[in-house]
Protein chains: 2
Amino acid sequence: MTSYTIMVIDDEAEMRKLIRTFLEGDGYRVVEATDGVHALSILHEVRVDLCLADVMMPYMDGFLFAQEVKRTIDLPIIFLSAKGDELDKIKGLKHGDDYIVKPFLPGELLARVASVLRRSYQRKELHSALTFGPLEIDKEAHRATLNGTALSLTLKEFGILYVLAKHSGRVYSRDELLQIVWGGDHDSSVRTVDTHIKTLRLKLGDEGQKIETVWGIGYKFEV
Amino acid sequence: MTSYTIMVIDDEAEMRKLIRTFLEGDGYRVVEATDGVHALSILHEVRVDLCLADVMMPYMDGFLFAQEVKRTIDLPIIFLSAKGDELDKIKGLKHGDDYIVKPFLPGELLARVASVLRRSYQRKELHSALTFGPLEIDKEAHRATLNGTALSLTLKEFGILYVLAKHSGRVYSRDELLQIVWGGDHDSSVRTVDTHIKTLRLKLGDEGQKIETVWGIGYKFEV
DNA sequence: AAAAAAAGTGAACATTCCATGAAGTTTCCA
DNA sequence: TGGAAACTTCATGGAATGTTCACTTTTTTT
């Protein structure tokens with residue numbers, strides 16, 4: 001990636017201009033939006049790596065905007081808030097997000113931006129959680145989340161889900177799944193897999209449909 | 001901290017005196033230095049919380065001084081520059097730094113000073129201690145506090161808590177915890193971890209629920 | 001359309017794994 | 001060197017998970 005693109009969302013033109021100056025001075029590309037709705041429409045057309053969003057905005061405040069964005073893409077957001085704004089709400093920050101209190105120093109803004117970018121884009125490479133719409137599967141943390149809320153999957157359930165999702169599209173026979181998830185020296189019947197698939201689908205809710213039965217062969221994870 | 005100590009570095013005695021008057025009037029302690037070299041020697045003997053440094057100084061200009069200081073300690077610096085000085089250089093401000101253009105109003109100086117101090121020392125707290133609601137874990141001080149009162153955790157207990165909390169969400173197997181907390185050449189059984197987890201949960205009270213058992217894998221700290 | 005094959009389901013049963021308390025061992029410090 | 005604190009081990013009961021089985025439903029084959 002040669003340069004990061006940062007979207008600045010603030011209803012005050014002066015503030016946008018100020019921030020643009022800082023950011024461009026440090027080599028970032030900048031796009032501006034006047035409010036959350038405007039920002040969402042831009043996101044459909046331009047690839048953006050980071051958002052700087054004012055908390056107080058007309059039509060859609062920063063938090064609502066964030067909520068809306070996170071539903072579809074994984075975009076880090078830095079909130080800008082005037083001193084005294086609803087700082088308590090900001091405690092609900094997602095991992096990778098940050099906030100800055102206005103007024104801020106140029107150095108602070110740039111430091112936060114650099115820090116969040118580093119965190120977000122390094123983390124993904126190292127961490128590589130699998131993401132399928134609202135479903136996220138994190139092998140390292142051994143955690144699967146649906147719309148951000150953790151699913152309580154058992155060992156075998158998680159194992160099956162991970163294997164299928166990791167190579168989505170590929171069909172795995174029950175025997176293969178037993179081999180991979182249970183280990184080489186298992187002695188379970190293939191029917192056991194069915195049972196786990198059942199509870200897995202149950203726990204996944206609507207997303208359970210992504211685990212497809214391939215008749216006569218086995219199962220696959222289809223996006 | 002009852003009062004901050006601020007070092008004023010300027011080759012003009014008049015300017016130093018002026019700034020000292022402002023600062024002391026606002027309750028700060030002040031030490032003076034005539035140039036960068038002088039300032040560095042003072043830093044070895046006096047604990048200083050903030051520097052006000054003129055950009056144009058004999059022997060060692062403000063930026064060179066800053067560069068030298070940052071090599072060893074993390075000290076915020078506010079640069080003083082006459083209008084027309086090399087303002088472009090100031091773009092290389094580190095986080096926590098700021099600058100003021102001379103001549104300035106007393107109020108402006110004090111506002112910048114207060115702002116930088118607030119940001120710097122607030123920020124440092126955030127960095128050194130992990131906070132999860134009423135629970136605070138300070139690796140450096142090797143201390144965990146619950147609602148402000150210190151918990152008396154043993155070495156292993158603290159180690160486990162810190163590792164889990166530091167990477168909250170990630171699951172650690174008992175073997176991993178032994179590896180990390182006990183060190184590479186331990187010979188304890190994995191059951192030992194269970195026992196420490198037990199006492200840890202006990203000492204943490206309600207917050208003990210944040211240490212979750214991941215069946216078949218190990219433990220994790222969940223917020 | 002009937003039969004056969006494969007997959008889904010729910011509940012009983014079996015197993016694995018963990019929390020716990022008590023007792024034993026080591027380490028640390030006065 | 002004695003005692004306290006920290007650490008470790010062990011056995012046990014119980015909870016969470018995993019497995020099987022009999023049966024039903026779905027899909028495919030003939």
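Within 4.0 Å of B:S189, counting heavy atoms only, lie sugar-phosphate atoms of the nucleic acid but no base atom.
For the pair A:H196 and D:dT17, the criterion of a side-chain N or O lying under 4.0 Å from OP1 or OP2 is not met. In terms of phosphate contacts, A:W182 brings a side-chain nitrogen or oxygen within less than 4.0 Å of OP1 or OP2 of D:dT19. In terms of phosphate contacts, B:T195 brings no side-chain nitrogen or oxygen within less than 4.0 Å of OP1 or OP2 of D:dT8. An OP1 or OP2 oxygen of D:dT8 is reached within less than 4.0 angstrom by a side-chain nitrogen or oxygen of B:S188.
One end of the helix from C:dA1-D:dT30 to C:dA30-D:dT1 points its axis 40° away from the other end's axis, with each axis taken from 5 pairs and the angle rounded to 10°.
The six-membered or imidazole ring of A:Y172 lies away from that of A:F221, with a centre-to-centre distance of 6.0 Å or more. Between A:W182 and A:H196, the ring centre distance stays below 6.0 Å.
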Identify every side-chain donor-acceptor pair in residues 34-42 of chain B under 3.5 Å, counting partners at least two apart or on other chains, and give the distances.
residue	atom	partner	partner atom	Å
B:T34	OG1	B:H38	ND1	3.4
B:D35	OD1	B:V37	N	2.9
B:D35	OD1	B:H38	N	2.9
B:H38	ND1	B:T34	N	3.0
B:S41	OG	B:H38	O	2.7

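Checking C:dG21, D:dG18, D:dT19 against the side-chain heavy atoms of A:L155 singles out D:dG18 as nearest. Of the candidates C:dT9, D:dT8, D:dC7, the closest approach to any side-chain atom of B:T154 belongs to D:dC7.
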Between protein and nucleotides 3-7 of chain C, what N or O pairs are separated by less than 3.5 Å?
residue	atom	partner	partner atom	Å
C:dA6	O3'	A:G216	N	3.4
C:dA7	OP1	A:R174	NH1	3.4
C:dA7	OP1	A:G216	N	2.9
C:dA7	OP2	A:R174	NH1	3.4
C:dA7	O5'	A:R174	NH2	3.3

Intermediate values then yes/no, side-chain hydrogen bond (donor to acceptor under 3.5 Å, both in side chains), B:R201 and B:T213: CA-CA 11 Å; B:R201 281 176 173 153; B:T213 301; 2.8 Å; yes
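For A:E157 and A:T199, the side-chain atoms include at least one donor-acceptor pair closer than 3.5 Å.
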